[in-house]
Amino acid sequence: MTIANSYATPPVDGREGPFAMPTDLLIGDAWAPSASGRRIDILDPATEQSLTSVADATVEEGIASVDAAAAAAEAWAATAPRKRADILMACYHAMMAEQEWLAQLISIENGKALPDARGEVAYAAEFFRWYAEEAVRINGELSLSPAGANKIVVQYQPIGIALLITPWNFPAAMATRKIAPALAAGCTCILKPAEETPLTALAVAEIMRRAGVPAGVVNVINTSEPGAVCSAILHDPRVRKLSFTGSTEVGRILLREAADQVISSSMELGGNAPFLVLDDADLDEAIEGAMIAKMRNAGEACTAANRFYVQRGIHDRFVAKLVERMSAMKLGRGTDPATQCGAMINRQAIDKIEQLVADALGRGAEAKLGCETPSGAGYFYPPSVIANVQPGSEILTTEVFGPVAAVIPFDAPDEAIALANATEYGLAAYVYTGDLKKGLRMAERIECGMVAVNRGLVSDAAAPFGGVKQSGLGREGAHHGLLEYCEAKYIAVSW
Ligand code: NAD
């Protein structure tokens, strides 16, 4: 297959990229430009300069991607699990072989620092390895009905064609976290990446194609009209699954769209993670965890600590140490080897951070570090700490999605739990305490899908990732993530 339009990525360690980076639509067995001739300009957030452009799919091309997924569906569902597993494992090895090149690409189009980008590639590839291992363990059930007359046979079948919609903050990992379980279950799919970061998704698709994924099993379309294109796809009766990662606002729109054809929907939505530090916590460990929970991806993570509730006995020491560590972080272009905090994704992201910080300071919070947008090109915001954030401040209820730590003191653990739960979100939470029993009891009472106790990171391909309340529906990762792409078929039988 020839690649007509491509993007020449900068050489990594003096070596050119492994292939000419496709920038068109992948529908069935061909990379092709949009028939409309439309293209989407892709910007480097560190310079605000254009990198390249990608094909901009129309509604008709959205439906063509369903045609391609439908044409490949029967053969893929009938492919032996071992064969599906082998292909997924080949994808894992192919992706890891290009870890450095992919990390550079992610860093260039998303802005994140290289260490974050390298971590993302390893995390993203792990979904291929994990689901290669799961593909051969889709076990059914056999039981006797309580009345004794019937046998109950349950078989897990592929749910059908899946539409996968991903955000820009983890352009590789959010794609593989959906594609890998879909393929392991025997489903074909259409990936619709975020407009800001399509190149990584296109690179992952080309890696998968080269690793042996058959034509039509994974289709990739970028579009400047996600509403119209995704709506058309979700109204095509051949489509049976929607998996979305992004904002709660868009998640609500998509749930309404999916309702018309009663499409099974998995939703990984926004977060507003509380980070609780109790008086008896080990200060150094809590700071270490706080730096990861706040600064991984420069705060552009749905699991990012948004609100630091710190018990009064440790509060001042925690704030002083957090300021010391945050102030030592180097802000800069993601691909610069010294950079620890990269650029934000776009101007709107900077505007939102500035507005939330201004609101908090206006209500009496203290700026301990940062809080000023640097002048010059690029969407940069410095690591920042604001203390004594007052009740009613918008930053307590809205994801800041940037390198700003908002700190609030509390007196008793019960008060901290009430504060942690005072949100419509329920994705991740963090608790630091020297008393594990107390930490586990608190974890049980915090309303969210994932709690890290004395840890700053929850993400793991082998664990069920997801939220409660308005943070989402369903789980990704672990065996749970595979079941999102399966239907339980019950066969009543006597013998
Ligand atoms: P977004 O909701 O603006 O966009 C996400 C995706 O939805 C993009 O691909 C976009 O093109 C598409 N989209 C937008 N409008 C659409 C429509 N009407 N129909 C169909 N698709 C549409 O989110 P974002 O700004 O890209 O990502 C940031 C958000 O994602 C944050 O809220 C973050 O918390 C969340 N997120 C959640 C998780 C999780 O696992 N829970 C992981 C990463 C990010």
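Atoms within each ligand, like the ligands themselves, are counted from 1 in listed order.
Scored by the side chain to side chain contact (heavy atoms under 4.5 Å, CB included) test, I42 finds I40, L51, V54, E109, P198, L199 as partners (sequence neighbours excluded). For R445, the salt bridge (Lys or Arg N to Asp or Glu O under 4.0 Å) partners two or more places apart in sequence, or in a different chain, are D414.
Between the side chains of H479 and E134, at least one donor N or O lies within less than 3.5 Å of an accepting N or O.
The minimum heavy-atom distance between I395 and A360, with the atom names listed, is CG2-CB, 4.4 Å.
For residues 389-405, the set of pairs meeting the side-chain hydrogen bond (donor to acceptor under 3.5 Å, both in side chains) definition, not counting sequence neighbours, comprises Q355-E394.
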What are the polar N/O contacts of ligand 1 with the protein below 3.5 Å, with distances?
from	atom 1	to	atom 2	distance (Å)
ligand 1	2 (O)	S247	N	2.8
ligand 1	2 (O)	S247	OG	2.6
ligand 1	9 (O)	T166	O	2.7
ligand 1	9 (O)	K192	NZ	3.0
ligand 1	11 (O)	K192	NZ	2.7
ligand 1	11 (O)	E195	OE1	2.5
ligand 1	23 (O)	S247	N	3.4
ligand 1	25 (O)	W168	NE1	2.9
ligand 1	26 (O)	W168	NE1	3.1
ligand 1	30 (O)	G246	O	3.3
ligand 1	32 (O)	E399	OE1	2.8
ligand 1	34 (O)	E399	OE1	3.3
ligand 1	34 (O)	E399	OE2	2.6
ligand 1	40 (O)	R177	NH2	2.8
ligand 1	40 (O)	E268	OE1	3.4
ligand 1	41 (N)	L269	N	3.3
ligand 1	41 (N)	L269	O	2.8

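Looking at K469 and E424, no side-chain N of the basic residue comes within less than 4.0 Å of a carboxylate O on the acidic one, giving no salt bridge.
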